[in-house]
Amino acid sequence: MPTAVASASWPLAAAMAAAEGQQPLPFFLRPLLLHGVGAGAHLLLALAVAGRLLFAASSRRGKESPAAAGRTLGGGFRWFRLAVRATWALAACELFLAAYSLVSWYLDGGGSAEWGAPDAVANQADAVSSAVAWLLLAAHLQLERSRRGEDQRFPAPLRLWWALFLLLSVLAVAVHAVTVLQYELPVPALAWARDAVSVLAGAVLLVAGFSATRGAPGGSASEEPLLNGASEAASAENDTVDASIFTGAGFLSVLAFSWMGPLLAVGHRKTLDLDDVPDLDAADSVAGLLPSFKANLDALTGDGKVTAFKLTKALVRTVWWHIAVTALYALIYNLATYVGPYLIDSLVQYLNGDERYASKGKLLVVTFIVAKAFECLSQRHWFFRLQQAGIRARSALVSVVYQKGFSLSSTSRQSRTSGEMINIISVDADRVGLFSWYMHDLWLVPLQVAMALFILYSTLGVASLAALGATVVVMLANVPPMQMQEKFQQKLMDCKDVRMKATSEILRNMRILKLQGWEMKFLSKIIDLRKAEESWLKKYLYTSTVATFVFWGAPTFVAVVTFGACMVLGIPLESGKVLSALATFRVLQEPIYNLPDTISMMIQTKVSLDRIASFLCLEELPTDAVQRLPNGNSNVAIEFSNGCFSWDASAQEPTLKDLNFQARQGMRVAVCGMVGSGKSSLLSCILGEMPKLSGEVKTCGTMAYVSQSAWIQSGKIQDNILFGKEMDSEKYDRVLESCSLKKDLEILPFGDKTVIGERGINLSGGQKQRIQIARALYQDADIYLFDDPFSAVDAHTGSHLFKECLLGVLSSKTVVYVTHQMEFLPAADLILVMKGGIIAQAGKYNEILGSGEELMELVGAHQDALTALDVIDVANGGSEVLSSSSPASLSLPLSTAEEKDKQNGKEDVDKVQSGQLVLEEEREKGRVGFWVYWKYLTLAYGGALVPFVLIAQILFQVLQIGSNYWMAWASPVSKDVEPPVSMSKLIYVFVALAGASSLCILVRALFLVTAAYKTATMLFDKMHMSIFRAPMSFFDSTPSGRILNRASTDQSEVDTNMAYQMGSVAFSIIQLVGIIAVMSQVAWQVFVVFVPVIVACFWYQRYYIDTARELQRLVGVCKAPIIQHFAESITGSATIRSFGKENQFVSTNSHLMDAYSRPKFYNAAAMEWLCFRLDTLSSVTFAFSLIFLISLPTGLIDPGIAGLAVTYGLNLNMLQTWVVWCMCNLENKIISVERILQYIGIPEEPPLSMSGDKLPHDWPSEGEIQLRNLHVRYAPQLPFVLKGLTVTFPGAMKTGIVGRTGSGKSTLIQALFRIVDPTIGQILVDSVNICTIGLHDLRSRLSIIPQDPTMFEGTVRSNLDPLGEYNDDQIWEALDNCQLGDEVRKKELKLDSPDLPSQ
C-alpha cells in the first residue's frame, strides 16, 4: 500500500483519542488498518526488488555487461528516464518524511509506553518500509537504465504496482476527506503533504509506464517475469510497424479512446469496408495468442487429458494481464460508485444549514465530481479490456479446435457430426468469450453488498441488518427462476443443435430435395423441430419475466423492509438518511441481479468448456501408422509388411489383412477388385488414415492424393489448382493441357478466375474430378494416389487423362491408381487384385491373367458388359430417334454479341463480380431503415401490445418517483424538525406506491415477452418458408454458411434479445425524462446545460453510429466464412493431410479469425469512445446542478427535495449513457432482423401447383419429350449452357445422352425438372408445356437417380422413403433390385438401421 494511505500520522490517532463526544472512527478508517496494509505491501516490494538485485548481481558475476552508452537510442520522449527520476524523487521524499516522522515521534516522548500502541507502531513501520522500498526500486531502475539504456519497456508487475499505488493514494485522500468531513477529526499537514506527493508521483509513474509500453516492440508485456526489465531479444525479434491504431497510441489517447478518431472519421465519411478496418495489435491476433495458449495448455495436460478446469486455467494464464487490470478497474469503479450514496446525507445537512458542514460545501462538490470522474474512467476501460480478453479467448479456442479437427481419427469423426463441430466454434467458443463480462462478479458482488451495508449502518444503524436480510432473500428468490432458466436454456440449445444439424444436412442436399419434390416435407420436419425448440423458448422467456420483476423490484423490496424495520425499532428517519439509503438501494440493485446471472453464466460457460474439452480429448490419428521417409532415402516408394488394418478397432474381422507388397520408385501400381473389396481402404492405409492393428507401412517421398468423391474448395479454380503453391505459368499451362481443362475454362465466363460455388456446385462431376487431378499434378509430388477418378468422366476424357497424366506427366513418378476400367491395367508395372480385404493376386497383367480366377472374373464381367451394350446398340441402330434440324443444333457456338459481352466482361474489372455465380454476401449499407423497426414492432398482433408495454413503464416510473418524492418530502430534515406525517403513514404510503410500481413492471414484462415470442416465431416461419421456396439458383450462389448464420446466430438474437433491446431504448428514455423532471424541480436552470449536453450527446451518437453500424454488419458477414472454411476443412481433411497442407489451412483459419476479430475489437472500442464522451458530458450536467445547489442561499429550497434531485442525479451520467448506448446497440442488433427480412424477400420458384391444373391422373402416360429451340443459362449474367436445342425423345424408349464433360448433359436434366427454367423455348412432355404446370405436379411424376449420391442422417427406411408412402415389401423389393437387400438384412435393426450421412 502506498504511503499516501499510511499518511495519517500518529498525532492523528492521539487527536482521535482526545476528542470528546465525537463519533468514533470505524475500523475501516483506522490508522492501524491503513498503515498495517501499507507497511506489508511496501515490505513485499522491498523483498522482491532486493531479490531481483541479488539475482542480477550473481548472474553478472564474471561477465561484463554491455554499456548503455554504446547503444544507439531512438528518438522520442524518454519515458524510462522520466520514471527513474520520478522514482528517485519519490524515494527522497519518502526518506525525508520518514525521518521527520521518527524525529517528531521521538521529540514527543516516543520512549514512553505510547510506542507500544498499535497505531503508532503501524505508522512508523509504514514510513520506514516505504522509504526503503522506494530507494531499492530507484536503485534497481537506475541499474537497468545503465545496463540496457532507455529504449525498453517496463515489466507488467511493475506497472501493476504503480497502478495500485496511484489507486490507494487516491483512496487515502478519500479516507482523509471523510475523516475531516464526516467525523470532524483533524488530519495533520504532514499527512496531506504525503498524499500530494504520492498522488503526483503515482500519476507520473503510471503515465510513463504505460506510454513506454505502447511504443515498445516485441510481444505482450504480460509475458515478462517479475521486475525483469526489458527483454534483450525483444527489440531484435520484431522490427515491423504494427498497423493497429491501438498499438502506437499514447497514454492520454488510450485514456480518452482518442486513438479511435481516425477510424470513426473514415466511417462517418464513407461506408466502411473490411479493408478500412485497421489490423489487430499483434498480441490480439491468433499468431500472437496461439503459441502462448498452446504452451499453457500443453503444460497443464501432460497426460493428454483435457478438462474444463485445465482449459480454464490455460485461458487464465494466457490473458492474466487483462484479468488483473480489469480487476483493478472494477475495484476503482465500485469504490467510486459508493462515494455518492455515502456523502448524500452530508450534502442534505449542508443544504439544511447544519453548522458542522458550513464550510464543507465546495469540498463535497469536488468529492462528488472527482468520484464521478474515476467512476467514468474506470468503467470504460474495465469494459473495453473485458471485451478484449473475450476476443482473445474466443480466438484461441477456435484455433485450437480447428487444429484438432485435422487430427481426428475416423472413429472420432463418426462420433461427431459436422453440425456438432460447427456449434463448438460458433456457439460454445462465443459463450466462453462472453463470460469475460462476468468473470469478476464472484468477488465484486460480496464487496458491493459489504460497502452498501457499511453505508446503511452508518446512516440507519441496526436497521441495516434488515437490509442485509432482505438482500439475501431477494438473491435467494432469484435462484429458482435462474435454475429453471438454466435448464430451459440447456434444453433450448439441445433442440437448436438438432435443428441446425438437420438444416445443415438439408441445405447440403437441397438439389435432390427439389428434384424429388420433397422440400415441403423436409420443411415440415424443420418446423416440427422448431416447435420443440419453441416450447422451451416460451418457458425460458416467461421465466425471465420473474427475473425482470426481481431486478426492478429489488430496490423497492429492500427499501420497504429496511424502512419498516426502522419504524419497528423506533429509528428516526431523516430525509438525508432516507435519500442516502435510497441511493444505496439503487446501487445495490446491480449485485442483487448480477449474482444469480453470474452463476447461471458460469454454469453455461462450464457446459461449453466441457463440450470443447471433450472434443479436444477425442482420439487422434496415430502418427506411427506410416513410417514416412524423405525422398532419396530408399529406392522403395511404398512397402507393406504383414499389414493388418481396420476402420473399427473393436471389429472381430479386420477390414484389410495380410498386406505384403513393395512399389519401387517410378512404378505404376493398379488396384482393382469388386465393389467393397478394400481398394479405397488400401489407399487410406498408405495415407495413414486407417487405424493399423499390426504390421508395418513405409513410404518414401511426398504424396498427392485424388479422392473418389471430388473435394473442391469454395474459391477460384486457379486457387484450387495451385493449392498454396506459387504460380509457374509454364507448368500451370502444361497441367491444364494434360487434364483437358483448357476448353472448359474457355467456356466459363472468367476462365480459371471463375469462383466455384460451395462443394463445386457450379461444376459438373467430371470437371470437379479433373480439377482434383490438376491440383495433384501441380504439386509435383513423389507418390501419386488415384482413387478411381476416371469413373466420373466420359470414356474419351478418361483415356486422355490416363495417357497424358499417368503415362505422360507422371511417367517417372510412383503412381498407385484404383480402377474399374480393365483397359488401364496392362500399362501397370504391378497389379493388385483385392478380394475380401486381402490381396488375392499381385503381378503384371499377363502374368496373373491366367494364374487365378479373380482377375479373370473382373475381365470377364467387363467384357460381358461391353457385349450387352453392343447388342443394345445394334438393336437400336436402325431407328433414328433424334429429330433435330441438324447435328450442329445440339452445340451451337456463341453468337457474336455473346462473344463480345464475354470479352468485355474479361476486360472490365468492375464487372467481374457480376458474372460470378457466387457473389459476395450482400449487406445493407447506411442507416437501418425505419421500415425494419416498424416491421418488427407490428409483426405480432399488428403492434397492439406495444402501447400497453409503454403505458406500464410510464406508470412504473411515475409511481417510483412518487414513492421516493414522498419519502423525501414527508421525512424531517433533522431530529429537531417536526415530521409532517406520522411514521406509520410515511411507511404505508411508501409501501402502497412501491408495490403498485412493482406490479407495473410485472405487467410490462409479460406483455413484452408475449410480443417477443410471437414475433420470433413468425420471423422464423416466414424466413424458412422463403428459403425452402427459393429457386435452386439461390442455393448454388449462396454458401450454406450464410443461411446457417441467419438460422442460428440471427434467429437466436431475435428469440432471446431483440425485444429486450427494443424495450430498453423506450424504458431508458422514460427514466431519463423522469430524472430530468425531478432535477428541474429544484434547479430548472439545469436545462441551460442539459439541453446543449443532450444535443451534443445525440450528435456524438450519430457520428459514432455510422461506423459502429457497419462494424457490426462486418462482424456478421465475417462470421460465415469461418464456419464455411471449418466445414470444408473437416470434409476435406484427408485430402489436406495427404498433401501436407495443414499449416496452410491453419494459417487461413487464423486470417479469417483475425478478420472477424478486427471489426469486433474496434466496435467495442468505438462503443467505449462514445460512452466516455457521454459520461463526461453528463458529469458536466451533474456538476452544474451541484454547484448551483450550494450557491443558493440556505432555506431557499427544501433540502430533502434537493437531496432527492442529487440522488437521481447520481444516476444521470449512467442513464444518459445508457440511453444512447441502448439506441446504438439496438441499431447494431436490429441488423439481425434486417438480415432475416432480407431472406424473407427472396424471389420464389413458380407455384408448386396451379389452381387451373387439370392433368390426367396417369400423366405422363406416353413419356414423349419435345424440346423446342431450348436456351438455358443459370443466371442472367452468365452465358447460355444449352443453345437452341430442338429434339424429340420418343416415349417408352431408352435414350442415351452423351457428350464431353461440361457439354450440358446435367443442365438438360435440370431443365426437364425445372430446376432451371428455359430462357427461350419450350419443353413439352406428352404435349404439355411443363412451364404451365405446378412444380410438384411435374417433379412428383418424374424420377431421377442423381449424379452425386446422397444419404440423409436417419435410417435405411427414411432414406429410401422420406415421405412414408411405401410398405416394407416394396422397400425390400427395391433393395433387392439394387443388390443391397442381403447387406441390409445382415444388420440387426434391418430397415430401421441407422445410416450415417456421407461427410
Side-chain angles (χ1 to χ4, degrees), residues 626 629 631-632 634-640 643 659-673 677-687 697-708 734-735 737-740 769-770 772-793 795 797-835 839-849 851-852 854-855 858-859 862 1138-1139:
V626 178
L629 304 173
N631 188 33
S634 171
N635 60 354
V636 177
I638 303 169
E639 182 177 5
F640 276 75
L659 297 183
N660 289 283
F661 77 91
Q662 276 188 356
R664 296 189 173 276
Q665 297 285 357
M667 282 182 68
R668 283 189 295 276
V669 180
V671 183
C672 59
S677 59
K679 304 183 296 299
S680 297
S681 296
L682 179 63
L683 297 191
S684 296
C685 296
I686 299 172
L687 292 170
V697 185
K698 290 181 184 177
T699 61
C700 180
T702 57
M703 211 169 286
Y705 170 61
V706 179
S707 58
Q708 191 171 17
R734 283 201 310 269
V735 167
E737 187 65 47
S738 300
C739 296
S740 301
Q769 202 58 272
R770 281 181 287 133
Q772 268 213 128
I773 296 170
R775 176 172 63 205
L777 294 185
Y778 194 82
Q779 298 305 304
D780 196 23
D782 301 313
I783 303 170
Y784 283 81
L785 306 179
F786 290 89
D787 193 356
D788 198 17
F790 310 118
S791 61
V793 296
T797 306
S799 299
H800 175 84
L801 288 173
F802 188 80
K803 180 183 174 184
E804 293 294 325
C805 298
L806 272 70
L807 303 183
V809 179
L810 304 179
S811 57
S812 61
K813 306 287 187 179
T814 307
V815 181
V816 180
Y817 60 98
V818 172
T819 185
H820 288 284
Q821 284 131 308
M822 297 299 108
E823 59 270 26
F824 296 155
L825 293 181
D829 300 313
L830 174 66
I831 299 172
L832 303 178
V833 183
M834 302 295 296
K835 185 175 183 180
I839 299 175
Q841 286 182 282
K844 285 184 173 290
Y845 184 77
N846 293 327
E847 292 174 3
I848 64 172
L849 189 59
S851 63
E854 288 77 11
L855 184 59
L858 291 173
V859 173
H862 184 64
S1138 68
F1139 284 93

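Using a 4.5 Å heavy-atom cutoff, the side chains of Ser680 and Gln708 are in contact. Proximity of Ile839 to Asn660: side-chain heavy atoms (C-beta onward) are nowhere separated by under 4.5 Å. Within the 4.5 Å cutoff, side-chain heavy atoms of Gln665 are placed close to those of Asn631. For the pair Gln769/Val706, a side-chain contact is recorded, criterion being any heavy-atom separation below 4.5 Å from C-beta on.
Val669 and Ala663 make their closest contact through CG2-CB, 3.7 Å (heavy atoms, listed as atom of the first residue, atom of the second, distance). Between Val626 and Cys685, the closest heavy-atom pair is CG2-O, 3.4 Å. Between His800 and Ser740 the shortest heavy-atom distance is CD2-OG, 2.5 Å.
Looking at Ile831, Asp829, Leu825 one by one, the single match for side-chain contact (heavy atoms from CB on, under 4.5 Å) with Lys844 turns out to be Asp829.
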Hey, can you pull the donor-acceptor pairs under 3.5 Å for the side chains in residues 803-818, sequence neighbours left out?
unit_1: Ser811; atom_1: OG; unit_2: Gly808; atom_2: O; d: 3.0
unit_1: Lys813; atom_1: NZ; unit_2: Asp780; atom_2: OD1; d: 3.1
unit_1: Lys813; atom_1: NZ; unit_2: Ala781; atom_2: O; d: 3.1
unit_1: Thr814; atom_1: OG1; unit_2: Gly666; atom_2: N; d: 2.9
unit_1: Tyr817; atom_1: OH; unit_2: Phe824; atom_2: O; d: 2.7

Inset, instruction - In sequence, state the C-alpha distance, the side-chain angles, and the governing distance for Phe640 and Val697, and then conclude on side-chain contact (heavy atoms from CB on, under 4.5 Å). - result: CA-CA 5 Å; Phe640 276 75; Val697 185; 3.7 Å; yes

Inset, instruction - List the steps, then state whether side-chain contact (heavy atoms from CB on, under 4.5 Å) holds for Ser738 with Leu777. - result: CA-CA 9 Å; Ser738 300; Leu777 294 185; 4.3 Å; yes

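In this structure, Cys739 SG and Arg775 CZ are separated by 11.5 Å, a value rounded to the nearest 0.5 Å.
No hydrogens or angles considered: a donor-acceptor pair under 3.5 Å links the side chains of Thr702 and Asp782.
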